[in-house]
Amino acid sequence: MNREFAADFLNITVESQSLFRKHMQATVEVLIRDFAALEKPYSGAAPQDVAAPFRDRQVCPEQGVNMKELLDFIGTTVAKHAAVVNHPACVAHLHCPPLQASLMAETLLATLNQSMDSWDQSMSATMLEEEIISWLCELFGYHKCTSDGVFTSGGTQSNFMGLLLARDHYAYTKWNWNVQQWGLPPQGDRLRILCSEAAHFTVKQSAALLGLGQHAVITVPVDSLGRMQCHVLEHAIDRLLQDGLLPFALVGTAGTTDFGSIDPLPELAELARKHELWFHIDGAYGGALALSAKHANLLEGIDLADSITVDFHKLFYQPISCGAFLLRDSVNYRYLRLNADYLNPQEDDEAGVPNLVGKSIQTTRRFDALKLYMSLQHLGRVKFAAMIDYTLELARHTADQIRGMKALELLAEPTLNAVVFRYVPSKEMDATRTDALNHRIRDGLLENGIAVIARTKVKERACMKFTLLNPLTTTQDTGDILAHIVRIGMELEQQFGIEQYALRGVQS
Ligand SMILES: *Cc1c(COP(=O)(O)O)cnc(C)c1O
């Protein structure tokens, strides 16, 4: 062992181990002091103030800095001006507080640093990921023996994989065309994907990346609950076929980003079967309902999907990043398969040595499966489900609070735990100004460290949004934020001339 660098890594030497203990402990203290103990969901600091200390310091000094000093620096510059995801008033995005069990796992997996691409870089990790994937497949109603899947960086990657396999499967079965080898088929510009207008933007992004262009995505209108309208879908498919176009995939969403809406999955599955479309379900957000005895019925039909996206860094309370792609028929993985002599030679396949690289579009890949595993083990399903159920309940109560306030308008009854609403001015005001006022209210909450909430547009009009993933948030918290929203809204209406806040709202 080269002693010169021994203490910079964790290893068999006593110095290394005692430093590891000391620095881990110090890291924990900084996290508690400069993050866990924060009283506001954001410090309120302006971008230039957050950037200043980093500008004043060399990124790569000639000689290293003492760890204690470095941790203090990171604590006071990064942790103290972070979005405090654990705070009950940090309710903007599908961005969750991570479970303690997952943080322990994150430390373990970073330290073990296994790479999931080949068996010889991740022996035990490969076997554990395979076990968890098989459990997930069963959770969503797939047959254990014929399904497969892989952990991914999240919904973006999982949706991409679903549509990639859909495209290649269609080309292969229709025209015996091998996209992997020959690129897009001559009919490529006629391929079409269907999804609802509320589907995640990554469907269009995937179409672009797959060489089909965003015009390949046909969006179907949603009903008042944000769900794809099946009769319109059916017409859309007929129209495409009449026009000589080639619909090959249907994406259903289980939990849209804004309203948490769930498409009518069994009906979509039936239409997909009838028209031989690959049925992909984007359950990045709503997939977690599968754990809940109370709400799993909302996912009825998910087992009929050819492939499923599920994210764990949302409603499964895992640190970023952690998601999965599940495939009903593992045979379809053939469209992705490549053998590299140095990673997964054909001899390994023949000898039954599992190299997961063939199931992923990533090569080097984190052992994120451990986080989900340790969380499931430590909490157990019942407690996990109780947390998820609680947040759905919280969203219902928050919707009631909004309905009870004259200055606020609820945009839709929440399906999951996202609540969309807007401030309604007390005096007559045109749409542009009302939108600007809504933006200013949100900025006011952030600048004063009162709450971190999201904005969105519904029918082109500015709205505010709570995404209530955090099971520590109470109706007291949501009530307080709503009261602040009304107060700020009224102050803005009175304090400033309308022109002034309209302008500031537009700038921000
Ligand atoms: C978050 C989300 C995505 C994107 O997933 P990432 O994990 O951010 O890559 C896709 N679809 C839906 C419905 C989502 O909520």
Side-chain angles (χ1 to χ4, degrees), residues 83 85 91-98 102 136 140 149-164 166 193-210 214 217 219-220 222 225-228 249-265 268 279-290 298-299 302 305 307-326 360-362 365-366 368-369 371-372 388 391-392 395 412 414-420 454 456 465-470:
V85 287
V91 292
H93 301 282
L94 285 164
H95 186 186
C96 63
S102 70
L136 282 165
F140 290 105
V150 75
F151 273 74
T152 64
S153 63
T156 306
Q157 192 181 91
S158 302
N159 283 345
F160 176 77
M161 288 179 75
L163 290 168
L164 171 82
I193 298 164
L194 292 130
C195 64
S196 95
E197 60 183 345
H200 199 262
F201 72 83
T202 48
V203 175
K204 284 192 174 147
Q205 184 195 52
S206 299
L209 294 173
L210 290 168
Q214 295 194 1
V217 178
T219 57
V220 176
V222 294
L225 287 172
R227 300 171 305 189
M228 196 184 319
L250 172 63
V251 179
T253 308
T256 60
T257 313
D258 272 348
F259 291 123
S261 311
I262 299 174
D263 286 334
L265 306 176
L268 296 193
F279 185 32
H280 177 76
I281 292 184
D282 180 357
Y285 178 11
L289 296 182
L298 291 172
L299 296 178
I302 199 165
S307 53
I308 299 173
T309 289
V310 56
D311 261 358
F312 306 115
H313 54 219
K314 289 175 177 167
L315 210 36
F316 278 88
Y317 305 112
Q318 299 302 301
I320 299 160
S321 62
C322 197
F325 171 74
L326 304 175
S360 177
I361 56 169
Q362 282 176 272
R365 190 163 58 80
R366 288 165 54 89
D368 289 314
K371 303 189 290 206
L372 180 65
I388 295 165
T391 63
L392 266 66
T415 306
L416 300 181
N417 42 28
V419 187
V420 184
T456 188
K465 178 167 87 162
F466 291 167
T467 312
L468 299 167
L469 292 192
N470 189 345

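As a basis for the values below, the full set of heavy atoms in this structure was taken, side chains included, without hydrogen atoms, waters or symmetry mates. In listed order, ligands and their atoms are each counted from 1. Residues: numbered from 1 along the sequence shown.
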**Q** Report yes or no: do Ser206 and Asn159 form a side-chain donor-acceptor pair below 3.5 Å?
**A** no
**Q** In the protein, which heavy atom is nearest to atom 6 (P) of ligand 1, and how far is it?
**A** Gly155 N, 3.3 Å
**Q** Need the ligand 1 atom indices (1-based, order shown) with element for anything under 4.0 Å from a heavy-atom of Leu94.
**A** 15 (O)
**Q** Closer than 3.5 angstrom, by distance alone: can the side chain of Thr256 be matched with the main-chain N or O of Ser261 as a donor-acceptor pair?
**A** yes
**Q** Under a 4.0 angstrom heavy-atom cut-off, which atoms of ligand 1 come close to Asn159?
**A** 10 (C), 11 (N)
**Q** Going by the atom numbers of ligand 1, which of them fall below 4.0 Å from some non-hydrogen atom of Lys314?
**A** 1 (C), 2 (C), 3 (C), 4 (C), 5 (O), 14 (C), 15 (O)
**Q** Donor-acceptor check, side chain of Lys371 to backbone of Ser321, threshold 3.5 angstrom: yes or no?
**A** yes
**Q** As a check for students: among His93, His200, His313, identify the option with a heavy atom nearest to atom 4 (C) of ligand 1.
**A** His200
**Q** For ligand 1, find out whether one of its N or O atoms is nearer than 3.5 Å to an N or O atom of Thr253.
**A** no
**Q** What atoms of ligand 1 come within less than 4.0 Å of a heavy atom belonging to Gly255?
**A** 13 (C)
**Q** Would you say the side chain of Cys195 lies within less than 4.5 Å of the side chain of Thr219, judging by non-hydrogen atoms?
**A** yes
**Q** For Ala418, is there any backbone N or O sitting under 3.5 Å from a side-chain donor or acceptor partner on Thr467?
**A** no
**Q** Can you tell me if Asp311 uses its side chain to pair, donor with acceptor, with the backbone of Gly155 under 3.5 Å?
**A** yes
**Q** In ligand 1, which numbered atoms sit nearer than 4.0 Å to a non-hydrogen atom of Gly154?
**A** 7 (O), 9 (O)
**Q** Check Thr309 against ligand 1 and report side chain, backbone, both or neither, counting heavy atoms closer than 4.0 Å.
**A** neither
**Q** Starting from atom 13 (C) of ligand 1, what is the nearest protein heavy atom, named by residue and atom, and what distance separates them?
**A** Asp282 OD2, 3.3 Å
**Q** Give a yes or no answer on whether the side chain of Gln362 reaches the backbone of Thr152 with a donor-acceptor pair at less than 3.5 Å.
**A** no
**Q** Evaluate the side chain to side chain contact (heavy atoms under 4.5 Å, CB included) criterion for residues Phe259 and Thr456: first the C-alpha distance (whole Å), next the side-chain angles of each, then the deciding distance (0.1 Å), finally the verdict.
**A** CA-CA 11 Å; Phe259 291 123; Thr456 188; over 6 Å; no
**Q** Suppose I only count heavy atoms of Thr156 and a 4.0 Å limit; which atoms of ligand 1 are within that range?
**A** 4 (C), 5 (O), 6 (P), 9 (O)
